[in-house]
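So the structure is just underneath, and the comments pick up after that.
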Amino acid sequence: MAGALQLPIIDLSSPDRMSTSNSIRQACTEVGLFYLINHGVEEELRVRVFDESRKFFSLPLQLKLNLSRKEHRGYTPLYAEKLDPSSNSTGDSKESFYIGPLEDSTTQCKLNQWPSEELLPSWKPTMETYYRKVLSAGKRLISLIALALNLDEDFFEKVGALTVPSAFLRLLHYPVWNSGELESSNEEIYGASAHSDYGMITLLATDGVRGLQVCREKQNQPRIWEDVQNIDGAFIVNIGDMMERWTNCLFRSTLHRVMPAGQERYSVAFFLDPSPDCLVECLRSCCSESCPGRFPPIRSKDYLEERFSLTYA
Ligand SMILES: O=C(O)CCC(=O)C(=O)O
Ligand SMILES: [Fe+2]
């Protein structure tokens, strides 16, 4: 049985930015995970996003497959993804839908796929509004993360991380697995197998159904998994691998997974990752003679491509 984890609550609207960034530093060095409240994304909008998501995943499979994932946007069916390539499972027991950058003078914005307006008339405007609002909250959080690293608050802007951020909204649906199916299966079944996210930060909203677990000490075996409780209205924020690289492992990218809950589950993740051409290299303030940089510099786009190729191998 996994124990429940106590996590810090960060208030994005607090006027005391120094104290907030200190709390962020502590959360990111200890667990790499915290709750974010007063983030400016209204509850009413969040409810609509979950409603529209449910409507989409209830469509006949063929209609969903017509929007199959291309250029990392669109629908991925059950078992298409395996977040932990080393696990014995055939693939993760979830379906998802990705929405990429909306505003961009390059061709990127045309790459998004949308369900037809006849089928789901409010779908696209709802997702676009949510995307913009979470992106804005994420950018405000990134400036606090810069302060938490004793950097200028616009550091991540100055290094080009937010010029054309690789921000992806991902709707997730985990279907029900009843206990009989779980026992009779010869394979390990995960909603999402163990992984850390690839980018800077992830802002996750869930419908409150349990299942999300984290492992705080990813190098230790056996792994100890702890349940992450939902707090109504809060985002669960986790640090991703590129932020871990930037900070030379001072900030931890959190290993997490989703276990089958005996109940259907929906979640909505927002991955805020550096712009494709941004060079991610260990911050000088996080390196020393006794703790030299562990990672060579890498372009965000190259890092993400490598990780995706393993996940969808
Ligand atoms: O559904 C969740 O709670 C987590 C999803 C997740 O970890 C991911 O998509 O990377
Ligand atoms: Fe994740």
Side-chain angles (χ1 to χ4, degrees), residues 2 4-5 7 31-36 46 49-50 53-54 56-57 69 72-85 87 89 91-100 130-131 134 138 166-177 189-216 218 223 225-244 251-273 303-304 307-308 310-312:
L5 188 63
L7 293 171
V31 208
L33 198 74
F34 54 87
Y35 297 109
L36 187 71
R46 207 166 135 120
V49 166
F50 276 85
S53 172
R54 271 185 213 103
F56 174 77
F57 289 118
R69 178 176 162 273
H72 206 54
R73 285 122 174 118
Y75 175 68
T76 59
L78 285 178
Y79 312 116
E81 189 187 70
K82 192 165 156 183
L83 282 166
D84 178 1
S87 90
S89 67
D92 295 345
S93 174
K94 64 168 181 294
E95 51 181 347
S96 72
F97 193 94
Y98 283 102
I99 298 162
Y130 185 80
Y131 183 106
V134 187
S166 296
F168 282 82
L169 180 62
R170 185 186 200 193
L171 312 174
L172 292 137
H173 172 223
Y174 303 86
V176 204
W177 278 88
I189 295 166
Y190 296 101
S193 43
H195 68 283
S196 47
D197 293 345
Y198 312 151
M200 290 197 283
I201 51 169
T202 305
L203 294 92
L204 176 74
T206 86
D207 63 359
V209 173
R210 68 193 171 82
L212 180 65
Q213 297 184 332
V214 294
C215 168
R216 279 191 274 177
K218 53 190 173 191
R223 283 181 175 157
W225 292 97
E226 293 171 283
D227 288 326
V228 180
Q229 310 288 355
N230 197 60
I231 296 186
D232 281 349
F235 282 119
I236 299 166
V237 175
N238 65 272
I239 292 294
D241 296 331
M242 277 196 268
M243 188 59 86
E244 189 178 72
F251 281 13
R252 298 180 182 206
S253 77
T254 326
L255 190 67
H256 55 284
R257 67 182 186 182
V258 178
M259 297 305 282
Q263 209 182 336
E264 194 176 26
R265 182 174 186 275
Y266 290 85
S267 65
V268 178
F270 188 84
F271 304 102
L272 181 48
D273 299 348
Y303 184 76
L304 287 175
R307 294 294 299 271
F308 284 131
L310 290 172
T311 308
Y312 291 97

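Read the numbers this way: they start at 1 and go in the same order the structure lists the ligands and their atoms. One-based numbering along the sequence shown. These numbers come from the heavy atoms of this one structure, side chains and all, not from hydrogens, waters or symmetry mates.
Nearest non-hydrogen protein atom to atom 6 (C) of ligand 1 is H195 NE2, 3.8 Å. Of the protein's non-hydrogen atoms, R170 NH1, 3.0 Å is the one closest to atom 9 (O) of ligand 1.
Using a 4.0 Å cutoff on heavy atoms, R265 counts as a contact of ligand 1. Residue contact annotation: K94 has no non-hydrogen atom under 4.0 Å from ligand 1.
Donor-acceptor pairing under 3.5 Å is lacking for the side chains of R69 and T76. In the model, T206 has a side-chain atom that pairs as donor or acceptor with a side-chain atom of N230 under 3.5 Å.
Distance alone, capped at 3.5 Å, is enough to place a donor-acceptor pair between the H195 side chain and the S193 backbone. In this structure, the side chain of Y198 does not engage the main chain of F271 through any donor-acceptor pair within 3.5 Å. The closest donor-acceptor contact from the side chain of D207 to the backbone of V209 lies under 3.5 Å. A donor-acceptor contact shorter than 3.5 Å is absent between the side chain of R257 and the backbone of C215.
The contact set between ligand 1 and D197, taken as ligand atoms under 4.0 Å from a residue heavy atom, comprises 10 (O). Those atoms of ligand 1 that come under 4.0 Å of a heavy atom in V258, given as number and element, are 1 (O), 2 (C), 3 (O), 4 (C). Those atoms of ligand 1 with a heavy atom of F271 less than 4.0 angstrom away are 8 (C), 9 (O), 10 (O). The Y174 neighbourhood of ligand 1 comprises atoms 1 (O), 2 (C), 4 (C), 5 (C), with distances under 4.0 Å to a heavy atom of that residue. The ligand atoms of ligand 1 that sit less than 4.0 angstrom from a heavy atom of H256 are 7 (O). Residue L172 has at least one heavy-atom neighbour below 4.0 Å for each of these atoms of ligand 1: 1 (O), 5 (C), 9 (O).
For H256 atom NE2 and D197 atom OD1, the angle they make at the Fe ion (ligand 2) is roughly 100°, to 10 degrees.
Taken from CG in L33 to NE2 in H256, the straight-line distance is 8.5 Å, to the nearest 0.5 Å.
A cation-pi contact links R54 to Y266, judged by a cut-off of 6.0 Å to the six-membered ring centre and 45° from its axis.
The residue A192 has no part lying near ligand 1, judged by heavy-atom distances below 4.0 Å.
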